[in-house]
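The next block holds one structure in the form of structure tokens; read it before the comments.
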Amino acid sequence: MEVKSLRKSFKLGNNKVNIVKDVSFSIEHASTLGLVGESGSGKSTLAKTILNLHERDSGSVFFEGKELLFDKLEDRKKVQIVFQDPFASLDPKMTIFDILSEPFFIHTNYSKDKISQEIIKLLNELRLPANILYQMPHEFSGGQRQRIAIARSLALKPKFLILDEPVSALDVSVQAQILNLLIDLQKKYQLTYLFIAHDLAVVKYVADKIAVMKDGEIVEIKKSDKLFEKPEHPYTKKLLSSMLFLR
Amino acid sequence: MKYLLNVKNLSVEFNRRDDRILAVRDVSFEVFPNETVAIVGESGCGKSALAKSILGLLPETAKIINGSISYDDNDLLSLKEISLRSIRGKEIGMVFQDPFLSLNPTMKIGQQICEALFAHRVSSVKYAKSICYKILSEVRIKNPEAVFEMYPHQLSGGMKQRILIAIAVVCKPKLLIADEPTTALDVTVQTQILKLLKDLQKGYNMSMLLITHDMTVVADICDKMIVMYAGEIVEMGKTQDIINSPKHPYTRMLLDSVPTLDKHKVFNRLKPIDGFLPIIDSPISYCSFAQRCPSAMQICARKRPNLTKDKQCTRCWLYDKRKSSKKPDGSQITQEVVQAGK
């Protein structure tokens with residue numbers, strides 16, 4: 001996975017505000033890049049710009065050597081995203097079956113039976129009971145909803161997953177479940193993750209490499225152990241010194 | 001020493017159509033002057049309901065069915081609304097969780113702070129303004145005169161939280177209740193706000209009741225901590241004692257599920273707590289954590305444990321004296337707990 005000089009700006013009245021300024025990075029196959037930074041630093045905008053959910057000003061995204069063009073359905077299938085708030089990212093009027101079958105209807109021409117089989121497989125994978133298919137999102141807890149959202153993103157077997165603060169809306173005990181689940185899935189399917197978070201401890205737990213973002217730029221990118229041992233950029237130092245310790 | 005706040009055997013229930021939920025069950029604790037007490041637990045364990053019942057801010061669907069709350073010899077539960085108002089804000093200040101929702105978007109910052117002053121202390125506009133400027137600089141807002149004239153949408157999350165703290169402490173309360181004051185904020189801003197709270201507490205000789213689910217915040221600023229589970233206190237004691245040697249299996253598991261930045265630790269898989277918070281609708285005769293507890297015994301399903309009476313008190317059959325006389329299956333259980341702890 002490679003991102004090359006991505007830029008994104010928004011218009012604010014007559015002014016142009018640059019939110020993502022010339023960001024480039026690459027992620028190795030089946031590894032995790034953690035992306036940290038304060039709110040407003042452009043993390044989520046970067047994620048959405050990679051997927052072309054925001055139209056980019058310039059720059060390109062390569063996956064396995066080929067450029068991803070998101071106007072092709074074929075390419076959109078390869079990269080998926082899990083959003084921060086599981087209370088906002090599931091349509092409250094759809095049943096779980098509708099939510100999970102939507103990707104298949106858009107991207108495949110499977111028969112209904114085949115879709116049901118695939119969905120049951122997904123539910124097993126995410127340790128969700130199979131009898132939830134005809135329930136509505138409001139019947140579930142935050143952790144279960146986030147698992148449903150992850151199931152939807154994995155439906156088409158993407159190789160690259162963007163996780164935009166997947167655990168920050170969850171309780172600590174549930175947070176640990178989801179993090180472990182994500183690690184297990186990565187090992188099993190050789191997934192590549194871009195993991196966005198503001199909690200350094202969480203990022204350290206899952207990421208191989210960490211990129212620190214400030215004001216739309218990546219100021220430091222390093223192996224995660226090295227970043228914690230020898231932070232170089234003043235902002236990284238500030239971020240590390242503001243961590244709280246349990247013991 | 002004499003307590004400032006004393007909550008005794010408090011139980012709160014919520015009624016929703018035909019459903020009844022016991023949100024707070026038989027909770028007793030004290031807060032002494034100049035003390036910082038944390039209440040920790042998962043969402044839905046009754047932390048916020050407890051805080052709201054202290055200030056009489058519970059919604060209409062809630063009812064206090066038992067117990068008493070006394071503040072400095074005033075019984076808060078028997079006070080009329082009008083006398084409660086003279087305590088709310090003046091004696092006990094409160095900071096709410098979400099700085100984006102708890103300021104009035106159509107009022108200038110200055111007006112919102114002065115509102116609290118006019119309700120309790122001052123009548124002169126000029127004097128109120130000067131106090132406002134002072135409090136704004138005390139919560140480290142760089143340009144008080146300018147911020148006084150601003151609207152909430154012009155400020156960042158961290159600044160809004162500072163304004164909320166300013167509103168809560170402007171009347172110099174003796175007790176500050178902070179409900180998840182840093183949950184919605186960034187890490188760097190979080191440390192600033194925590195430091196501010198610490199400094200204000202010292203400067204004003206306040207006590208603080210901090211409600212949070214973040215163990216690292218508790219470890220940072222609190223003297224005493226209370227762990228709640230399904231509406232009841234399961235462990236209570238000095239923060240350092242509990243974090244270094246948790247007794248109740250729930251506390252231990254809660255601590256194990258927090259990712260840490262400990263350099264000396266090799267990669268350790270996090271241990272999540274399986275299962276869900278039970279919904280409790282009537283007084284129960286068993287341990288509420290038994291279903292999720294790795295060291296549950298037979299007695300846990302039959303009898304409710306009492307809160308032990310030592311310094312670090314726990315509500316668990318592993319420590320309840322009524323049980324310790326019978327040893328047989330206890331020793332095996334203790335081994336299991338030790339293993340879970342590793």
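First the proteins, then the strands, lettered A, B, ... as listed; each starts at 1.
- Within 6.0 Å of the NZ atom in A:K222, the count of heavy atoms belonging to other residues, nucleotides or ligands exceeds 12.
- For chain B, no part of A:S168 is nearby; none of its heavy atoms comes within less than 4.5 Å.
- Looking at every heavy atom in both residues, B:D186 comes nearest to A:E38 through OD2-CB, 3.1 Å.
- At most 12 heavy atoms of other shown residues, nucleotides or ligands fall within 6.0 angstrom of atom NZ in A:K159.
- Around NZ of B:K198, the count of heavy atoms belonging to other residues, nucleotides or ligands within 6.0 Å exceeds 12.
- Put simply, the side chain of A:D171 gets close to the backbone of B:S43: a donor and an acceptor are under 3.5 Å apart.
- Using a 4.5 Å cut-off between heavy atoms, B:T216 contacts chain A through both its backbone and its side chain.
- Contact of A:L179 with chain B is made through the side chain alone, with heavy-atom distances under 4.5 Å.
- Counting non-hydrogen atoms of neighbouring residues, nucleotides and ligands closer than 6.0 angstrom, the NZ atom of A:K209 reaches no more than 12 such neighbours.
- Between B:S257 and A:A176, the closest heavy-atom pair is O-CB, 3.8 Å.
- Chain A forms more heavy-atom pairs under 4.5 Å with one residue of B:D220, B:V187, B:V217 than with any other, namely B:V187.
- In this structure, CD in B:E42 is found 10.5 Å from OG in A:S141, a value given to the nearest 0.5 Å.
- Within a 6.0 Å radius of OH in B:Y286, other residues, nucleotides and ligands contribute 12 heavy atoms or fewer.
- Counting non-hydrogen atoms of other residues, nucleotides and ligands closer than 6.0 Å to CD1 of B:I284 gives a total above 12.
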